[in-house]
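Read the structure below first, then the notes.
The model shown is predicted, which means the values in this text are computed figures rather than measured ones.
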Amino acid sequence: MSAPSFPPAPAQPEAPSGPVPPSGGAGCLCHDGPVRPDIIRAFIRGEFPILIDSPAGSPPPDGDALDTLLGSLRHTGEEILLALSLHTLSAYEHDVSAAITGAMLRQGLITADMVSRLRTALHEAVANALIHGNLELPSPRRDELNDFVSFGDAISARLADPAYARRRLSVVVCAPADPAEGLRLHIHNEGPGFNPAALPPQERRSPERAHGGWALILAGCDHAVFTPDGRILTLTLPPA
Amino acid sequence: MDYTVTSSGDTRTASLKGRLTFQEQRLFRTLIEDMFSEAAARYVIDLKQVEYIDSSGLGMLLIARKRAQQAKAVIALTNVPANARETFTTARFEDLFEISG
């Protein structure tokens, strides 16, 4: 798999959307530094199916490091159709769920009527992976404003700490060998993990928790299952 | 996210713009404080220009509801975008808020 690199990100927050260097066909684009909006747009347009960035000041993974990363994203018996692997700060700043669902729609993997629910489910899954996984923060009490404020402060503090901000958040869209099994989206984080058995399985049916992220995840897919270590959440979509 | 708060008669309206997501936690505080800085019989949150709401945004709306209840006032959501309406249905917000438009 080819791994061309873009030049480092410019100083301005939003790079002008000029032509994007060719990716060498169906390959992996490893961006040197935090990903920019124009690179995300190129991913959505289908110019490369795999996009990997790196924290500021760090080179993108290549050679053995890239093989190791891609190997960790592969799931047995599945073909990778799309993958976005960003460090936590990038994933926090960009709309990962819009990028993935936009690219899926562009490739014909989903229909327009599926986008809204899937985007919501994926957004919640990504938020959980970032906040509870990579940043290791608990949820605030949703009816307490002071909790919300201190939660925002805690997020900022963790994002400023390289030990947390450099962790990766990866979303991988895969096709199982049997098309009847539908598409799968795997959301990987690099946090310490947790015990998925502790999650209330019927949370969706609980009126007082119906506004929680888990309810929105379940509403947007057929199944949502964590790996036993809690670091990968897999959303399964119905077959086309 | 951005917002403006206006008063007209007994109604105080917050018009929100942009994304109500977990990345906007800090703005939630100023929004709630601005909205409830003046007493009103009715508080309205206008979502016409909201692009996206996630579970954190829903939580913010629930905090506004709690504040309105404490003030013995009515709270309503208006101009709910189509994509948010689906989220509201999942979250059963129809049972919690007066929703119009």
Side-chain angles (χ1 to χ4, degrees), chain A residues 89 91-98 101 112-132 135 137 139-156 159 203-220, chain B residues 1 3 14 16 18-37 43 45 47 50-71 75 77 80-97 99:
Chain A
L89 196 53
Y92 187 82
E93 290 174 349
H94 293 284
D95 192 338
V96 171
S97 60
T101 52
D113 63 312
M114 297 169 69
V115 170
S116 178
R117 279 195 173 212
L118 178 58
R119 181 184 171 192
T120 297
L122 185 55
H123 175 92
E124 297 295 336
V126 166
N128 285 346
L130 287 173
I131 301 295
H132 307 315
L135 298 181
L137 292 171
S139 292
R141 286 177 295 172
R142 293 190 181 277
D143 60 348
E144 287 294 335
L145 183 58
N146 288 338
D147 271 21
F148 260 66
V149 174
S150 55
F151 183 56
D153 291 342
I155 289 174
S156 297
L159 287 174
E203 191 178 15
R204 183 183 184 182
R205 297 180 186 176
S206 169
E208 65 272 18
R209 291 291 301 148
H211 58 275
W214 188 239
L216 298 177
I217 290 171
L218 293 175
Chain B
M1 184 185 83
Y3 68 88
L16 313 190
R19 292 160 48 84
L20 269 69
T21 66
F22 69 99
Q23 292 101 327
E24 306 289 346
Q25 305 272 352
R26 286 168 174 272
L27 265 179
F28 289 173
R29 177 185 196 165
T30 56
L31 166 62
I32 297 292
E33 287 177 349
D34 284 352
M35 190 173 179
F36 292 95
S37 63
Y43 293 91
I45 300 179
L47 302 169
V50 168
E51 298 164 14
Y52 192 75
I53 299 178
D54 71 1
S55 60
S56 290
L58 297 180
M60 190 277 295
L61 296 176
L62 290 173
I63 289 172
R65 176 177 177 266
K66 185 178 178 182
R67 283 290 184 91
Q69 287 177 328
Q70 288 170 343
I75 188 164
L77 307 177
V80 180
N83 61 347
R85 200 166 275 279
E86 209 167 40
T87 301
F88 282 7
T89 299
T90 302
R92 304 178 190 184
F93 262 36
E94 299 91 340
D95 299 338
L96 303 174
F97 288 91
I99 299 177

Please name the pair of heavy atoms, one in [X] and one in [Y], separated by the smallest distance, quoted to 0.1 Å.
| X | Y | value |
| --- | --- | --- |
| B/Gln23 | A/His123 | OE1-CE1, 4.3 Å |
| A/Gly213 | B/Ser55 | N-CB, 3.6 Å |
| B/Thr90 | A/Ala219 | CG2-CB, 3.7 Å |

What's the separation between atom [atom1] in [X] and atom [atom2] in [Y], rounded to the nearest 0.5 Å?
| X | Y | atom1 | atom2 | value |
| --- | --- | --- | --- | --- |
| B/Phe22 | A/Asn128 | CZ | CG | 9.0 Å |
| A/Leu216 | B/Leu58 | CG | CG | 6.0 Å |
| A/Ser150 | B/Arg29 | OG | CZ | 9.5 Å |

Are A/Thr120 and B/Glu86 close enough, and set up right, to give a side-chain contact (heavy atoms from CB on, under 4.5 Å), and what steps lead you there?
CA-CA 10 Å; A/Thr120 297; B/Glu86 209 167 40; 6.0 Å; no
Checking B/Tyr52 against chain A: side chain, backbone, both or neither under 4.5 Å from a heavy atom?
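Side chain only.
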Check each atom of B/Arg65 against the heavy atoms of chain A and say whether the ones under 4.5 Å are side chain, backbone, both or neither.
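B/Arg65 has no heavy atom closer than 4.5 Å to chain A.
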If you apply the rule side-chain contact (heavy atoms from CB on, under 4.5 Å), what do you find for A/Arg117 with B/Asn83, and how did you get there?
CA-CA 8 Å; A/Arg117 279 195 173 212; B/Asn83 61 347; over 6 Å; no
Select, from A/Ser156, A/Ala98, A/Gly220, the one with the greatest count of heavy-atom pairs under 4.5 Å involving chain B.
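Most heavy-atom pairs within the cutoff with chain B belong to A/Ser156.
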Using non-hydrogen atoms and a 4.5 Å limit, figure out which bit of A/Tyr92 sits close to chain B: side chain, backbone, both or neither.
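Contact with chain B is through both the backbone and side chain of A/Tyr92.
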